[in-house]
Amino acid sequence: MIRGMIREKYDVVVVGGGPGGSFTAKTLADNGLDVAVLEKRPSIGSPKQCAEGVSLNTIKIIEELMGEIPNDCIAQTINGAIVYAPNGKEINIDFEGDVGAVLERKKYDKWLAEVASEAGAYIQAKTEATDVIKEDGYIRGVRAEFDGESFDVRSKVVVAADGVASTIARRAGLDTTHKLANIDSGFQYEMSNLKLRDPHKIELRFGNKVAPRGYLWIFPKGENTANVGVGVANTKEPAKDFVDRFIQENSSIFSQASIMEVNAGGIPVGGLLENMVLNGLVVVGDAAHQVNPIHGGGLKEAMIAGDMAGKVITRAIRKNDYSQESLSEYNKIWWKERGESLKKVEKFRDFVGKLTDKDLNKIAEVVKGDDLIAFTRGKRYSVLGKLFLRDPTLILLLRKLII
Amino acid sequence: MALSKLKKRRVYMNENFEVINMWYINRKKCLECEACVGVCSEIAIELKNTGITYNEKLCILCGFCKKICPVGAIEVTKDD
């Protein structure tokens, strides 16, 4: 039979071989469960749909769960940021030490899958789960396809880690369709031979002209290479046009640059789900809208949720109860550990979305790099207090928080 | 009814466009990123190994796929 080495039955089938799928599979395999991961694309980790930036905190969690990250999975270390207001004013943020990194997802995603496979998970690329198998109100596996041949893969639980498209959860009966208000359009070039300001600083640009309702990023991957992209919403032109225009208008950076890769994708920025489980189904990662609403990063959320899902599913299978009620322990844990704080970030996103270019320019006049550093280190109220003392009219902006 | 609907169902291909009903995709622009799949409430669009597929029977012509497409590969026309 031409269908790879996949068998007909597993404890768990994971749909999607990205970080969400690999973290879930590794946790399940570590607990002795029989798990298969189906990845529809021919290659794990490619093409990337990601700006590849992670914080040091995220790296710590990755290493706790998966082990030391191989060097080739990290493209560049990052020690700060340059933030540009709409009028071009710069705020330089230098942490004087590494605060994050830009990954090489082609290597990183494969490494995660290798670790999961070494823990005992079976992973098969170019294998698409085309539908769920539903019997007696339970999801009992998936219908899959490899090399044109269709077959069933049965399981006690199916994990939907199939990314933004999220078709498996929807076919199972959970409406995870992204509302336009909760998803940005993302477009990016990976470029070489750039004239970067600082190869260890990320650049963030805000403003209605450069990136409506989002931001434009330059995330260095080397001395002269970087991911250059935008996340935007509610625009007449496609996201691509914003990147192209930025390149045209910044020959100081791009006059000698080349394009190595063209990437695109939908970036969930909200729409957190109260319920992410059904009888025999758990949804993880972008498919479950688990993304930070303000910066659009999903790598951290996918791995935390994958680990949680793995543990909850293990308990459910051991007590032979993988009903929605049993699996809803995942909802409870996720909301307590992640959801509540992401909900606050979503409110903050709504507030920031109301700020005009004029408001942002005003804030940029008053905020200094050190303020942002102190803010990220938890000194929130003292920083805000300092800002309001420098410019009391900033208080007027708070109206927008309420309206 | 029949004749006016028949007039709309033009199916032709030039080197860039495949036209189905009132939904168009420029396959040379499409990066197969699946943003369109994610916003389609009817799962009328999917990414299979042959590329983006479109099921005109399921499509309600809401235009969300066109709005989200990061490269502007999709056109949805509603002219009657």
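Everything numeric here is computed off the predicted structure, so don't read it as measured data. A, B, ... follow the sequence lines: proteins, then strands. Residue 1 opens every chain.
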**OP:** Nearest 0.5 Å please: distance from the CG atom of A:D147 over to the CG atom of B:N49.
**Re:** 8.5 Å
Original post:
Out of curiosity, B:F64 CZ to A:T177 OG1, how far, rounded to the nearest 0.5 Å?
Top reply: 10.5 Å
Subject >> Side-chain donor or acceptor of A:S185 paired with backbone N/O of B:C69 under 3.5 Å >> reply: no
Subject >> Heavy-atom proximity to chain A below 4.5 Å, by part of B:L47 >> reply: both
Original post:
A:A264 and B:C33: which non-hydrogen atoms are nearest, and at how many Å?
Top reply: O-CB, 3.1 Å
Original post:
Considering only heavy atoms, which portion of A:I183 lies under 4.5 Å from any heavy atom of chain B: side chain, backbone, both, or neither?
Top reply: both
**OP:** Below 4.5 Å from any heavy atom of chain A, which atoms of B:L31 appear? Answer side chain, backbone, both or neither.
**Re:** side chain
Subject >> A:D175 portion near chain B, given a 4.5 angstrom heavy-atom threshold >> reply: neither
Original post:
When rounded to the nearest 0.5 angstrom, what distance separates OG1 in A:T130 from NZ in B:K48?
Top reply: 5.5 Å
Original post:
Testing A:V164, A:D184, A:L180 for side-chain contact (heavy atoms from CB on, under 4.5 Å) with B:I68, which one passes?
Top reply: A:L180
Subject >> Contacting moiety of A:N263, where chain B heavy atoms sit under 4.5 Å >> reply: backbone
Original post:
Which answer fits A:E237, side chain, backbone, both or neither, if we ask what part of it has an atom under 4.5 Å from a heavy atom of chain B?
Top reply: neither
Original post:
For A:V262, is it the side chain, the backbone, both or neither that has a heavy atom under 4.5 Å from a heavy atom of chain B?
Top reply: both
Subject >> Residues A:K40, B:E34: salt bridge by 4.0 Å N-O rule >> reply: yes
Original post:
How many angstroms lie between OG in B:S41 and NZ in A:K179, if you round to the nearest 0.5 Å?
Top reply: 9.5 Å
Original post:
Which residue out of A:P268, A:S166, A:G186, A:G148 racks up the most heavy-atom pairs below 4.5 Å with chain B?
Top reply: A:G186
Subject >> Residue among A:A233, A:P42, A:P47, A:A239 with most heavy-atom pairs under 4.5 Å to chain B >> reply: A:A239
Subject >> Closest approach of B:V37 to A:R170 (non-hydrogen atoms, all atoms of both residues) >> reply: O-NH2, 2.7 Å
Subject >> CZ/A:R213: more than 12 non-hydrogen atoms of other groups inside 6.0 Å >> reply: no
**OP:** Grab the two heavy atoms, one from A:G265 and one from B:A35, that are nearest each other, plus how far apart they are.
**Re:** C-CB, 4.2 Å
